[in-house]
Amino acid sequence: MVFRLRYLHHDFELPPGRFLIGRSTECQLSLDDPLVSRKHALLIVSEDMVEVQDLGSRNGVLVNGERIVGLHKVGHGDRIMVGSQELTLSVMSAAGPPTRRASDVPAMSPVTITAMAPVRAPTPGKQGEQREHDATSKADAFRLLGGVAEKALQLGRADEAERLLATLLDHVLRTVQSGMEVEAPLVERAGSFGAKLAAATGKARWVDYVVELYTALRRPVAGPTIDELHVALRKVKDVDLPLLRAYVGLMREMSPTMGPADRFLVQRLEGLERLVTVQ
């Protein structure tokens with residue numbers, strides 16, 4: 001059997017394994033919803049069935065409108081409610097897709113959710129392993145949700161993309177601000193998505209997000225993200241100008257220690273500052 005989980009008009013393929021759902025970025029599916037607990041529900045997928053379990057969440061898990069207790073088997077078309085977010089299970093045989101109901105929304109290309117690896121609490125001497133696991137979890141989350149969010153943005157579904165990414169992006173920012181090391185490709189992708197969300201939603205908070213992220217890193221915004229910010233600023237008003245000025249000032253002070261490429265990025269950031277100033 002092949003199992004897929006529908007969320008926000010997107011299908012996620014579920015290979016055999018255990019899958020966490022909640023607000024935490026440790027979850028395979030991270031939901032930006034105040035009614036969702038950090039680790040809210042667990043899906044257990046075998047070769048021939050799917051079971052869902054409430055993990056002691058505050059608001060419980062509903063299947064087809066009824067609150068479940070313990071492990072609960074779910075089948076094709078069953079609606080799983082986690083917080084205010086509805087997930088729908090789709091089941092098909094390996095030979096072909098099931099018959100769809102008239103109410104089904106046409107599916108997009110499915111994205112495979114990676115099964116959850118065993119996670120152990122950090123012990124003395126193993127902080128490095130835990131940090132590596134955390135970084136891998138965030139990278140996996142971006143691989144999963146990033147592709148889906150890109151498709152949502154292409155289809156003009158900015159609200160969907162924002163709901164998919166907001167929790168993960170905020171987690172990356174908090175991690176950087178705490179002084180923990182985050183791989184450069186992950187940071188650049190977070191900054192890029194921040195700029196894209198600003199352009200798609202018209203919300204200044206995402207421009208401010210990029211500025212806060214790179215302020216914490218104490219380095220210039222990546223060139224492609226600066227291009228995306230220029231696009232966003234045609235649509236976004238009320239950007240935090242003092243925050244931007246403080247960041248550009250910091251980069252200006254640091255520029256004598258930078259190479260030619262980074263000094264050029266600082267000049268482009270100064271152009272962004274001027275653009276926001278005249279708005």
Next item on the list: Go through the steps to decide whether Arg4 and Met92 satisfy the test side chain to side chain contact (heavy atoms under 4.5 Å, CB included), and finish with yes or no.
Entry: CA-CA 8 Å; Arg4 290 179 182 170; Met92 64 180 68; 3.7 Å; yes
Taking a hydrophobic cluster as the set of Ile, Leu, Val, Met, Phe, Trp and Tyr residues connected by side-chain heavy atoms closer than 4.5 Å, whether directly or through intermediates, do [X] and [Y] fall within one such cluster?
| X | Y | result |
| --- | --- | --- |
| Leu42 | Met81 | no |
| Leu243 | Val266 | yes |
| Leu35 | Ile21 | no |
| Met1 | Leu87 | yes |
| Leu241 | Leu275 | yes |

Nearest-0.5 Å distance that lies between atom [atom1] in [X] and atom [atom2] in [Y]:
| X | Y | atom1 | atom2 | value |
| --- | --- | --- | --- | --- |
| Lys151 | Arg157 | NZ | CZ | 11.5 Å |
| Leu165 | Glu150 | CG | CD | 8.5 Å |
| Tyr7 | Ile80 | OH | CD1 | 13.5 Å |
| Glu270 | Leu244 | CD | CG | 10.5 Å |
| Leu197 | Lys203 | CG | NZ | 9.0 Å |
| Asp262 | Gln267 | CG | CD | 11.5 Å |

Is any side-chain heavy atom of [X] less than 4.5 Å from a side-chain heavy atom of [Y]?
| X | Y | answer |
| --- | --- | --- |
| Leu265 | Val221 | no |
| Val91 | Leu89 | yes |
| Val82 | Leu31 | yes |
| Asp11 | Ser90 | no |

Tell me, please, which residues at least two apart from [X] pass side-chain hydrogen bond (donor to acceptor under 3.5 Å, both in side chains).
| X | answer |
| --- | --- |
| Ser192 | Glu228 |
| Ser255 | none |
| Arg23 | none |
| Thr277 | none |

Return yes if some donor-acceptor pair links the side-chain N/O of [X] with the main-chain N/O of [Y] below 3.5 Å, else return no.
| X | Y | answer |
| --- | --- | --- |
| Ser178 | Thr175 | yes |
| Asp33 | Gly83 | no |
| His40 | Gly22 | no |

Margin query: Under the side-chain contact (heavy atoms from CB on, under 4.5 Å) test against Leu5, which residue among Val74, Val45, Leu14 passes?
Written below: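 Considering Val74, Val45, Leu14, a side-chain contact (heavy atoms from CB on, under 4.5 Å) with Leu5 is found only for Leu14.
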Checklist line | Cys27: which of Leu20, Val36, Thr167 passes side-chain contact (heavy atoms from CB on, under 4.5 Å) | finding: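 So, applying the side-chain contact (heavy atoms from CB on, under 4.5 Å) to Cys27 and each of Leu20, Val36, Thr167, only Leu20 qualifies.
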Heavy-atom pair of closest approach, residues [X] and [Y]:
| X | Y | result |
| --- | --- | --- |
| Ala41 | Val52 | CB-CG2, 4.5 Å |
| Ala198 | Ala232 | CB-CB, 3.9 Å |
| Ala161 | Ala149 | CB-O, 3.8 Å |
| Ser24 | Ser30 | O-OG, 3.6 Å |
| Tyr247 | Arg219 | OH-O, 2.8 Å |
| Phe3 | Met49 | CZ-N, 3.5 Å |

With sequence neighbours excluded, what pairs up with [X] under the side-chain contact (heavy atoms from CB on, under 4.5 Å) test?
| X | value |
| --- | --- |
| Arg218 | Leu250, Met254 |
| Arg174 | Asp170, His171 |
| Asp238 | none |

Checklist line | Which residues share a salt bridge (Lys or Arg N to Asp or Glu O under 4.0 Å) with Lys235, sequence neighbours left out | finding: none
Next item on the list: Only counting residues at least two apart or in another chain, list the ones meeting salt bridge (Lys or Arg N to Asp or Glu O under 4.0 Å) with Glu273.
Entry: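 If we apply the salt bridge (Lys or Arg N to Asp or Glu O under 4.0 Å) test to Glu273, skipping adjacent residues, the hits are Arg245, Arg252.
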Determine all donor-acceptor pairs shorter than 3.5 Å in which one atom belongs to a side chain in residues 63-73; sequence neighbours excluded.
residue	atom	partner	partner atom	Å
Asn64	OD1	Arg79	N	2.9
Asn64	ND2	Asp78	OD1	3.0

Next item on the list: For the pair Arg6 and Glu86, find out whether any cationic side-chain nitrogen is under 4.0 Å from an anionic carboxylate oxygen.
Entry: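 No, Arg6 and Glu86 are not salt-bridged.
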Scan the side chains in residues 205-217 for donor-acceptor partners under 3.5 Å anywhere in the protein, sequence neighbours excluded, and list what turns up.
residue	atom	partner	partner atom	Å
Trp206	NE1	Glu162	OE2	2.8
Asp208	OD1	Asp240	N	3.1
Tyr209	OH	Leu169	O	2.6
Thr215	OG1	Val211	O	2.7

Note to self: Listing request: all salt bridge (charged side-chain N to carboxylate O under 4.0 Å, His left out) pairs with a residue in residues 35-55, at least two apart in sequence or in separate chains.
What the structure shows: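 Sorted result for residues 35-55: Glu26-Lys39.
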